Amino acid sequence: MLNTKSIQLKIGATFVSFLFLVMIISLFYLPYEVNYMVVEDRFLPPSLEHPFGTDNFGRDILSRIMQGSQTAFLVGFTAVSIGGIGGTIIGAIAGYVGGWIDEIFMRIMDAMMAFPGILLALMFITVFGSSLTNTTIALGIMSIPGFARIARSGFIQYKQFDFVKAANGMGASHVSIIFTHILPNVLSPIIVAASMSFAGAVLAEAGLSYLGLGVQPPDPSWGRMLNEAQSYITKAPWYTLAPGIFITITVLGFNLLGDGIRELRDPRK
Amino acid sequence: MKSLKPKISFFMLIGLLMLTVVGCSAQGSTNDTSTEKNSDTEDSSSEEMKKKDGGKVVVSVPQDIDYLDPHLSAASGTYEIMYNVFEGLLKPNEQGEVIPAIADDYSISEDGLTYTFILRKDVTFHNGEPVTTDDVKYSMERLMGVDTGKPLAESFTNIESVEASDEKTVVIKLKDVDSSFLTQMTVAILPKGYDKHNEHPIGAGPFKFVEYSPEQKIVLEKNEDYYVEGIPYLDEVEFRIIPDSEAALLSFKAGEIDMYPRIGNERIEELGDEFNYIQGDQNMVQLMTMNHEREPFNDRTVRKAINYTIDVNEIIETAAFGFGTKLGSNMSPAMEKYYQSGLEDTYNVDIKKSKQLLEEGGYPDGFETTISVPSNYQFHVDTAQVIAQQLEQVGIKANIELVEWGVWLDRIYKGRDYDMTIIGLTGKLDPHKVLGRYESTYAANFYNYNNEEYDEIIQQAKKETDDEKRVNLYKEAQEILTNDAVAVYIMDPNFSVAMRSDLAGYKLYPLYVQDMSSIHYVE
């Protein structure tokens, strides 16, 4: 049992660290200028000069994938931060205070969850215009309810515990109880959720960019590359494969990592 | 345990690759069957290319229709289908001219205000009734809104009166001279005393309307009594509505569709030789407009500099895969009669000159601007990417902004809130509708072009009754557009139709129509 659990974690960690490495390298080095078009070199199949081939404008796909990983990480990290911090604060207050504040907060969260995430993001983009910043903020906001629910249930559970009552009795302030006594205990499911929603955010960004609403051309994004590649799927299959595989690795990696962490931290183990 | 790690991730990768490979091969197998099927038909057809009567053809169209009633319908996607059902007094031909149809002959009075049409005797509606002067009068008055007070088409408000002087003669009087009036007479003639035009339309065209299933298909059948001898050939035509081009392509490959108009030029290579292709100018003008109300595009020098920077040939090569005709003004060579040739070479790439012009215009180091592109047209998005790179050579930094189609219509086309945008303007039969787009008073003059001389020429041409003078005026107008560098005129992207190899007879119009009457199978 213990072995299978750690394997999940290991695969997840391998994928994620691989992607992280690609992203770090892309900050300092790219094989080619990402937006540079060489018309004569269109649709070159993978070779030593272009390991992933070239696209319909003769741009190097590897460089664009590497540059695209920056976008993916930026979007994932920012969206999860917004969702995680916002959701935890809301969930903590709702769970700790309880009563009608809990009701109001959680019903708002329910209402937000009733909207399909992509729809909310589309609405946001329509109102504020399509840009990477807006997409990221929208994705962050739509992941708030998930975090809020997890945090709330943890806080409801822990506020009954004797150590909380003791802290209260000794005159600790509510803020200090929330942050120093209860939060560390509920952090583990939140980290798991963060890892999972990181994958969700990357996928959603790819989806929105695929629809032309995220990253603006000519800057690369995996979703946008997939969109541009679909017309040439039989002519240049490598063009579709590269972003497709990278999106898959990201989503799989972060999901496995999340699963792994959860099982590692499982008290019943 | 540690040594397992790379192996396992390797297996996962293999697994992923397998998945994609399986996906590919599944597609490959459908490909094979269609190839076989097609080579069969090709074998039988290659022996003798003889016209064959009868048969059914399924045509894919990307959009649903708006109204079955031809007088209410405004969508060109509807017109291209229903063109086969209805007949007008006149009809367009492949050169973009109007030729007699229900009207055998016509004459125009010297003052250009009275049009006399003589009707053919042998034209009948699909219900068997002959087409009479009463029907013509009814159709015209319906469009003019005589009964309702609301004209169905703006251009018909110029009609003073429609009279039937005898059994076969209709006289139409105009309020003002309108040299493009004849092109309006291609409008459908409908039977008088029938009111289900929008449920089950009756026309006099080569095909009868059979059924319409919204978002699925429109079925037409042969009109045995069509007044032109020998056509149509086909017994049945089905227009199948497939909005997704990928799905349409797959159905075409699988043989479910026999004819695929407007197939993406980039897809032809992958279809191979088992199909017939027809390509030509589609009478569209793809252009990059600049907002003349905004700095620095209010300055003609800057607009010229941009024109000298942009390499249209490279755009045709990359965005259209070589399937495009270079343009120099707002007129496609598909409009043979009005097209002013030679303008396309006015601004051949000259970076040195461009830099010099930018310096004259006060932007020696270039400037930053935004190209807004409708996101649903990958073709325009691709064009924008090439242009953005070309503009960098002279220091102009063009950011690309993708806008949703609805937003484009609202903010850019109507609101004129943009710097530069790329779009295709569809051609019309009537040169006034093509070049009139640049009149300063035109409602959708979204480039904010304002040139009195130009306005005057357009007005003059509209009132000119002498055909040759009129054509020359329109040619002059095209030259002004080029010399003023109103926009960057890019290309007329080729229109391509793919058909089964045993289909022939396709006619390419400078209009948005699919004329099915000339299509036939070959033996």
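Reminder, nothing fancy here: chain letters follow the sequence lines and each chain counts from 1. No hydrogens, no waters, no symmetry mates; every other heavy atom, side chains included, goes into these values. Everything numeric in this text was worked out from a predicted model, so none of it was measured.
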Can you see whether A/E228 engages B/Q385 through a side-chain donor-acceptor pair at a distance of less than 3.5 angstrom?
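The criterion, which ignores hydrogens and geometry beyond distance, is satisfied for B/Q385 and A/E228.
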
Measure the spacing between CD of A/Q230 and OG of B/S245 and express it to the nearest 0.5 Å.
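Between A/Q230 CD and B/S245 OG, I get 7.0 Å after rounding to 0.5 Å.
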
Should the ring pair A/Y232 and B/F321 be called parallel, tilted or perpendicular, given that the plane angle runs from 0 to 90° and is split at 30 and 60?
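Rings of A/Y232 and B/F321: tilted, as their planes differ by 30° to 60°.
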
Can you check whether [X] reaches [Y] side chain to side chain, under 4.5 Å on heavy atoms?
{"X": "A/M37", "Y": "B/V386", "value": "yes"}
{"X": "B/Q389", "Y": "A/Y36", "value": "yes"}
{"X": "A/N35", "Y": "B/E392", "value": "no"}
{"X": "A/N56", "Y": "B/D382", "value": "yes"}
{"X": "A/R42", "Y": "B/T318", "value": "yes"}

Need one label for A/F18: side chain, backbone, both or neither, based on atoms under 4.5 Å from any heavy atom in chain B.
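Contact with chain B involves no heavy atom of A/F18 at all.
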
Is it the backbone or the side chain of A/D219 that comes under 4.5 Å from a heavy atom of chain B, or both, or neither?
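Answer is neither: A/D219 stays 4.5 Å or more from chain B.
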
Heavy-atom distances under 4.5 Å only: say whether B/V381 touches chain A with side chain, backbone, both or neither.
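Contact with chain A involves the side chain of B/V381 alone.
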
Go through the atoms of B/E314 and report whether side chain, backbone, both or neither lie under 4.5 Å from a heavy atom of chain A.
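Side chain only.
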
